[in-house]
J.: 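Handing you a structure now.
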Amino acid sequence: MKQRIRNAFAKAKAEGRGAFIAYLTIGYPSLDACERAADELIAGGADILELGVPFSDPFADGGIIRKAAYAALEQGVTLDDVIAFAKRIRSKHPETGLVLFSYYNVIFSKGLANFAAAVEDAQIDAVLAVDLPLEEREELLRELRPRGISFVPLIAPNTPLERIKASEAGLDDSFLYVITVKGTTGERTELPSDLSARLDAIREAAHLPVAAGFGISTLAQASEISRHADGFIVGSALVKCLMEGRPPCLN
(Lines give C-alpha, C1' and ligand atoms only; values in the text may rest on other atoms or scores of the structure.)
Protein backbone atom coordinates (compact mmCIF):
# COMPACT_ATOMS: atom_id res chain seq x y z
CA MET A 1 0.00 0.00 0.00
CA LYS A 2 1.38 3.41 -0.97
CA GLN A 3 -0.13 5.25 2.04
CA ARG A 4 -0.54 8.38 -0.08
CA ILE A 5 -3.21 9.91 2.17
CA ARG A 6 -1.18 9.36 5.33
CA ASN A 7 1.88 10.76 3.59
CA ALA A 8 -0.04 13.85 2.45
CA PHE A 9 -1.05 14.71 6.00
CA ALA A 10 2.46 14.00 7.30
CA LYS A 11 3.99 16.29 4.66
CA ALA A 12 1.53 19.09 5.45
CA LYS A 13 2.23 18.76 9.17
CA ALA A 14 5.97 18.89 8.58
CA GLU A 15 5.46 22.09 6.59
CA GLY A 16 3.36 23.64 9.35
CA ARG A 17 0.08 23.78 7.45
CA GLY A 18 -3.18 21.95 7.01
CA ALA A 19 -3.52 19.45 4.17
CA PHE A 20 -5.53 20.87 1.25
CA ILE A 21 -8.21 18.46 0.03
CA ALA A 22 -9.88 19.65 -3.17
CA TYR A 23 -13.22 18.37 -4.47
CA LEU A 24 -14.24 18.40 -8.12
CA THR A 25 -17.44 17.16 -9.73
CA ILE A 26 -15.89 14.98 -12.40
CA GLY A 27 -17.12 15.79 -15.88
CA TYR A 28 -17.93 19.42 -15.11
CA PRO A 29 -17.75 21.55 -17.14
CA SER A 30 -16.38 18.72 -19.33
CA LEU A 31 -14.07 15.81 -18.72
CA ASP A 32 -11.17 17.57 -20.43
CA ALA A 33 -11.72 20.86 -18.59
CA CYS A 34 -12.08 19.02 -15.30
CA GLU A 35 -8.80 17.21 -15.88
CA ARG A 36 -7.06 20.52 -16.53
CA ALA A 37 -8.57 21.84 -13.30
CA ALA A 38 -7.29 18.81 -11.39
CA ASP A 39 -3.80 19.35 -12.78
CA GLU A 40 -3.96 23.04 -11.82
CA LEU A 41 -5.08 22.25 -8.29
CA ILE A 42 -2.28 19.74 -7.77
CA ALA A 43 0.27 22.17 -9.21
CA GLY A 44 -1.16 24.82 -6.87
CA GLY A 45 -0.69 22.71 -3.77
CA ALA A 46 -3.67 20.36 -3.40
CA ASP A 47 -2.51 17.33 -1.41
CA ILE A 48 -5.56 15.12 -2.00
CA LEU A 49 -8.26 15.18 -4.67
CA GLU A 50 -11.85 14.13 -4.02
CA LEU A 51 -13.30 12.88 -7.29
CA GLY A 52 -17.04 13.51 -7.18
CA VAL A 53 -19.21 11.03 -9.07
CA PRO A 54 -22.21 12.83 -10.64
CA PHE A 55 -25.48 11.60 -9.13
CA SER A 56 -29.10 12.39 -9.94
CA ASP A 57 -30.18 12.98 -6.32
CA PRO A 58 -27.23 14.58 -4.48
CA PHE A 59 -29.24 15.40 -1.35
CA ALA A 60 -26.19 16.32 0.75
CA ASP A 61 -24.97 18.87 -1.79
CA GLY A 62 -25.88 22.50 -2.23
CA GLY A 63 -26.88 24.31 -5.38
CA ILE A 64 -23.46 24.71 -6.95
CA ILE A 65 -22.46 21.05 -6.81
CA ARG A 66 -26.00 19.96 -7.75
CA LYS A 67 -25.85 22.11 -10.86
CA ALA A 68 -22.45 20.70 -11.76
CA ALA A 69 -23.62 17.12 -11.20
CA TYR A 70 -26.69 17.56 -13.39
CA ALA A 71 -24.60 19.13 -16.16
CA ALA A 72 -22.13 16.25 -16.04
CA LEU A 73 -24.95 13.70 -16.14
CA GLU A 74 -26.45 15.45 -19.17
CA GLN A 75 -23.11 14.87 -20.91
CA GLY A 76 -23.38 11.16 -20.07
CA VAL A 77 -20.62 11.03 -17.43
CA THR A 78 -20.75 7.76 -15.49
CA LEU A 79 -18.93 6.07 -12.62
CA ASP A 80 -16.74 4.29 -15.18
CA ASP A 81 -15.77 7.66 -16.65
CA VAL A 82 -14.77 8.90 -13.19
CA ILE A 83 -12.64 5.82 -12.58
CA ALA A 84 -10.98 6.27 -15.97
CA PHE A 85 -10.41 9.93 -15.06
CA ALA A 86 -8.72 8.83 -11.83
CA LYS A 87 -6.47 6.50 -13.79
CA ARG A 88 -5.30 9.38 -15.98
CA ILE A 89 -4.66 11.60 -12.97
CA ARG A 90 -2.72 8.82 -11.27
CA SER A 91 -0.47 8.37 -14.29
CA LYS A 92 0.54 12.05 -14.07
CA HIS A 93 0.52 12.48 -10.29
CA PRO A 94 1.77 9.26 -8.70
CA GLU A 95 1.92 10.62 -5.12
CA THR A 96 -1.33 12.61 -4.91
CA GLY A 97 -4.02 11.11 -2.69
CA LEU A 98 -7.19 10.22 -4.60
CA VAL A 99 -10.56 9.71 -2.94
CA LEU A 100 -13.59 8.59 -4.92
CA PHE A 101 -16.60 10.51 -3.58
CA SER A 102 -20.00 8.99 -4.38
CA TYR A 103 -23.49 8.14 -3.21
CA TYR A 104 -23.79 4.47 -2.42
CA ASN A 105 -26.45 3.57 -4.98
CA VAL A 106 -23.98 4.27 -7.79
CA ILE A 107 -21.37 1.99 -6.19
CA PHE A 108 -23.83 -0.78 -5.34
CA SER A 109 -25.31 -0.78 -8.84
CA LYS A 110 -21.93 -1.57 -10.37
CA GLY A 111 -21.52 -4.59 -8.10
CA LEU A 112 -19.23 -4.27 -5.10
CA ALA A 113 -16.59 -6.71 -6.31
CA ASN A 114 -16.49 -5.12 -9.77
CA PHE A 115 -16.33 -1.67 -8.22
CA ALA A 116 -13.46 -2.55 -5.90
CA ALA A 117 -11.48 -4.16 -8.72
CA ALA A 118 -11.90 -1.07 -10.92
CA VAL A 119 -10.91 1.27 -8.08
CA GLU A 120 -7.83 -0.82 -7.39
CA ASP A 121 -6.86 -0.77 -11.06
CA ALA A 122 -7.11 3.05 -11.10
CA GLN A 123 -4.95 3.25 -7.95
CA ILE A 124 -7.57 5.21 -6.04
CA ASP A 125 -6.62 5.34 -2.38
CA ALA A 126 -9.97 5.53 -0.61
CA VAL A 127 -13.72 5.65 -1.11
CA LEU A 128 -16.19 8.03 0.51
CA ALA A 129 -19.82 6.91 0.26
CA VAL A 130 -21.90 9.86 1.43
CA ASP A 131 -25.00 7.95 2.51
CA LEU A 132 -23.46 4.69 3.77
CA PRO A 133 -23.84 4.56 7.57
CA LEU A 134 -21.40 2.92 9.95
CA GLU A 135 -23.72 -0.02 10.57
CA GLU A 136 -23.97 -0.90 6.87
CA ARG A 137 -20.51 -0.29 5.49
CA GLU A 138 -18.97 -3.71 6.16
CA GLU A 139 -20.20 -5.22 2.89
CA LEU A 140 -18.21 -2.59 1.00
CA LEU A 141 -15.17 -2.77 3.26
CA ARG A 142 -14.98 -6.53 2.72
CA GLU A 143 -14.26 -5.82 -0.93
CA LEU A 144 -11.99 -2.81 -0.41
CA ARG A 145 -9.70 -4.01 2.39
CA PRO A 146 -8.06 -6.95 0.57
CA ARG A 147 -7.21 -4.59 -2.29
CA GLY A 148 -5.52 -2.03 -0.04
CA ILE A 149 -8.27 0.55 -0.51
CA SER A 150 -9.40 2.56 2.49
CA PHE A 151 -12.67 4.27 3.41
CA VAL A 152 -13.34 7.85 4.54
CA PRO A 153 -16.00 8.24 7.27
CA LEU A 154 -18.24 11.31 7.34
CA ILE A 155 -18.64 12.81 10.81
CA ALA A 156 -21.78 14.87 11.35
CA PRO A 157 -21.91 17.96 13.59
CA ASN A 158 -23.80 15.98 16.25
CA THR A 159 -21.85 12.69 16.08
CA PRO A 160 -20.73 11.72 19.61
CA LEU A 161 -17.08 10.93 20.27
CA GLU A 162 -17.72 7.25 20.94
CA ARG A 163 -19.33 6.86 17.52
CA ILE A 164 -16.44 8.74 15.94
CA LYS A 165 -14.03 6.24 17.47
CA ALA A 166 -16.15 3.39 16.11
CA SER A 167 -16.20 5.05 12.68
CA GLU A 168 -12.41 5.11 12.39
CA ALA A 169 -11.88 1.61 13.79
CA GLY A 170 -10.03 -0.67 11.39
CA LEU A 171 -9.26 2.06 8.87
CA ASP A 172 -5.83 3.01 7.57
CA ASP A 173 -4.54 5.55 5.05
CA SER A 174 -7.64 7.63 5.60
CA PHE A 175 -8.98 10.66 7.44
CA LEU A 176 -12.12 11.74 9.24
CA TYR A 177 -14.23 14.07 7.11
CA VAL A 178 -15.77 16.31 9.76
CA ILE A 179 -18.80 18.24 8.51
CA THR A 180 -18.57 21.79 9.80
CA VAL A 181 -22.21 22.86 9.48
CA LYS A 182 -25.69 21.39 9.48
CA GLY A 183 -27.31 21.22 6.07
CA THR A 184 -25.85 20.83 2.60
CA THR A 185 -22.53 21.74 1.04
CA GLY A 186 -21.97 25.29 -0.13
CA GLU A 187 -20.04 28.46 0.59
CA ARG A 188 -20.57 30.13 3.97
CA THR A 189 -19.55 33.62 5.06
CA GLU A 190 -19.16 32.37 8.64
CA LEU A 191 -18.54 29.00 10.26
CA PRO A 192 -20.08 27.92 13.60
CA SER A 193 -18.65 29.58 16.70
CA ASP A 194 -18.23 26.25 18.48
CA LEU A 195 -16.44 24.57 15.56
CA SER A 196 -12.92 25.08 16.89
CA ALA A 197 -13.70 23.37 20.19
CA ARG A 198 -15.47 20.55 18.35
CA LEU A 199 -12.47 19.95 16.08
CA ASP A 200 -10.07 20.06 19.02
CA ALA A 201 -12.09 17.41 20.85
CA ILE A 202 -12.28 15.12 17.82
CA ARG A 203 -8.60 15.54 17.09
CA GLU A 204 -7.70 14.58 20.64
CA ALA A 205 -9.91 11.48 20.58
CA ALA A 206 -9.11 10.22 17.06
CA HIS A 207 -6.15 8.33 15.66
CA LEU A 208 -6.86 9.27 12.03
CA PRO A 209 -6.14 12.79 10.74
CA VAL A 210 -9.07 15.18 11.01
CA ALA A 211 -10.15 17.25 8.01
CA ALA A 212 -13.04 19.71 8.04
CA GLY A 213 -15.33 20.43 5.13
CA PHE A 214 -18.65 22.03 4.06
CA GLY A 215 -18.69 25.79 3.78
CA ILE A 216 -14.97 26.58 3.51
CA SER A 217 -14.53 29.10 0.72
CA THR A 218 -11.69 31.48 1.64
CA LEU A 219 -8.02 31.29 2.56
CA ALA A 220 -8.83 32.91 5.89
CA GLN A 221 -11.34 30.19 6.74
CA ALA A 222 -8.91 27.47 5.64
CA SER A 223 -6.17 29.01 7.80
CA GLU A 224 -8.44 29.15 10.86
CA ILE A 225 -9.61 25.57 10.34
CA SER A 226 -5.99 24.42 10.07
CA ARG A 227 -5.31 25.66 13.60
CA HIS A 228 -7.73 23.02 14.90
CA ALA A 229 -7.66 20.27 12.27
CA ASP A 230 -5.10 18.42 10.18
CA GLY A 231 -6.64 19.49 6.90
CA PHE A 232 -9.46 21.36 5.17
CA ILE A 233 -11.77 20.37 2.32
CA VAL A 234 -12.96 22.78 -0.35
CA GLY A 235 -15.58 21.89 -2.94
CA SER A 236 -18.30 24.37 -3.86
CA ALA A 237 -15.90 27.32 -4.01
CA LEU A 238 -13.71 25.49 -6.53
CA VAL A 239 -16.63 24.30 -8.66
CA LYS A 240 -18.01 27.84 -8.63
CA CYS A 241 -14.73 29.08 -10.11
CA LEU A 242 -15.18 26.66 -13.00
CA MET A 243 -18.77 27.85 -13.48
CA GLU A 244 -17.45 31.38 -13.81
CA GLY A 245 -14.73 30.36 -16.25
CA ARG A 246 -11.91 30.92 -13.75
CA PRO A 247 -9.14 28.58 -12.56
CA PRO A 248 -10.11 26.78 -9.35
CA CYS A 249 -8.67 28.59 -6.34
CA LEU A 250 -9.43 29.99 -2.89
CA ASN A 251 -9.82 33.74 -2.41
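Computed over heavy atoms, backbone and side chain alike; hydrogens, waters and symmetry mates excluded.
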J.: Just how far is it from atom CG of L154 to atom CG of D131, taken to the nearest 0.5 Å?
T.: 9.5 Å
J.: Do I164 and L141 share a hydrophobic cluster, counting only Ile, Leu, Val, Met, Phe, Trp and Tyr and linking them when any side-chain heavy atoms are less than 4.5 Å apart?
T.: yes
J.: Over 60° means perpendicular and under 30° means parallel, so classify the ring planes of Y177 and F101, tilted if in between.
T.: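 Because their plane-to-plane angle lies in the 30° to 60° range, the rings of F101 and Y177 count as tilted.
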J.: Identify the two heavy atoms, one from L49 and one from A38, that lie closest to each other, and give their separation to 0.1 Å.
T.: CD1-CB, 3.8 Å
J.: Might you confirm whether atom OH of Y104 has over 12 heavy atoms from other residues, nucleotides or ligands at distances under 6.0 Å?
T.: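 Above 12, so yes.
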J.: Taking NZ, NE, NH1 and NH2 as the nitrogens, is one of them in K2 or D173 under 4.0 Å from a carboxylate oxygen of the other?
T.: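 Salt bridge flag = no for D173 with K2.
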J.: Do E35 and K92 meet the salt-bridge criterion of a basic N to acidic O distance under 4.0 Å?
T.: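 Salt bridge: yes.
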J.: Is any side-chain N of the basic residue among D39 and R88 closer than 4.0 Å to the acidic one's carboxylate O?
T.: no
J.: Is any NZ, NE, NH1 or NH2 atom of the basic residue among K11 and E95 found under 4.0 Å from an Asp or Glu carboxylate oxygen of the other?
T.: no
J.: Are any of the side-chain heavy atoms of F151 and S174 separated by less than 4.5 Å?
T.: no
J.: Are D125 and Q3 close enough that a side-chain donor and a side-chain acceptor fall under 3.5 Å?
T.: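 Q3 and D125 do not have a side-chain donor-acceptor pair below 3.5 Å.
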J.: Give a yes or no on whether a salt bridge exists between D230 and K13, defined as a side-chain N under 4.0 angstrom from a carboxylate O.
T.: no
J.: Salt bridge check, R142 against E139: does any charged N sit closer than 4.0 Å to a carboxylate O?
T.: no
J.: When hydrophobic residues are tied together by side-chain contacts of less than 4.5 Å, even through go-betweens, does M243 share a cluster with L24?
T.: yes
J.: Would you indicate whether the side-chain heavy atoms of L79 and L100 approach each other to under 4.5 Å?
T.: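 The answer is yes; the side chains approach within 4.5 Å.
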J.: On a heavy-atom basis, which atom in I5 and which in G97 lie closest, and how many Å separate them?
T.: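 Minimum heavy-atom separation between I5 and G97: CG1-CA, 4.5 Å.
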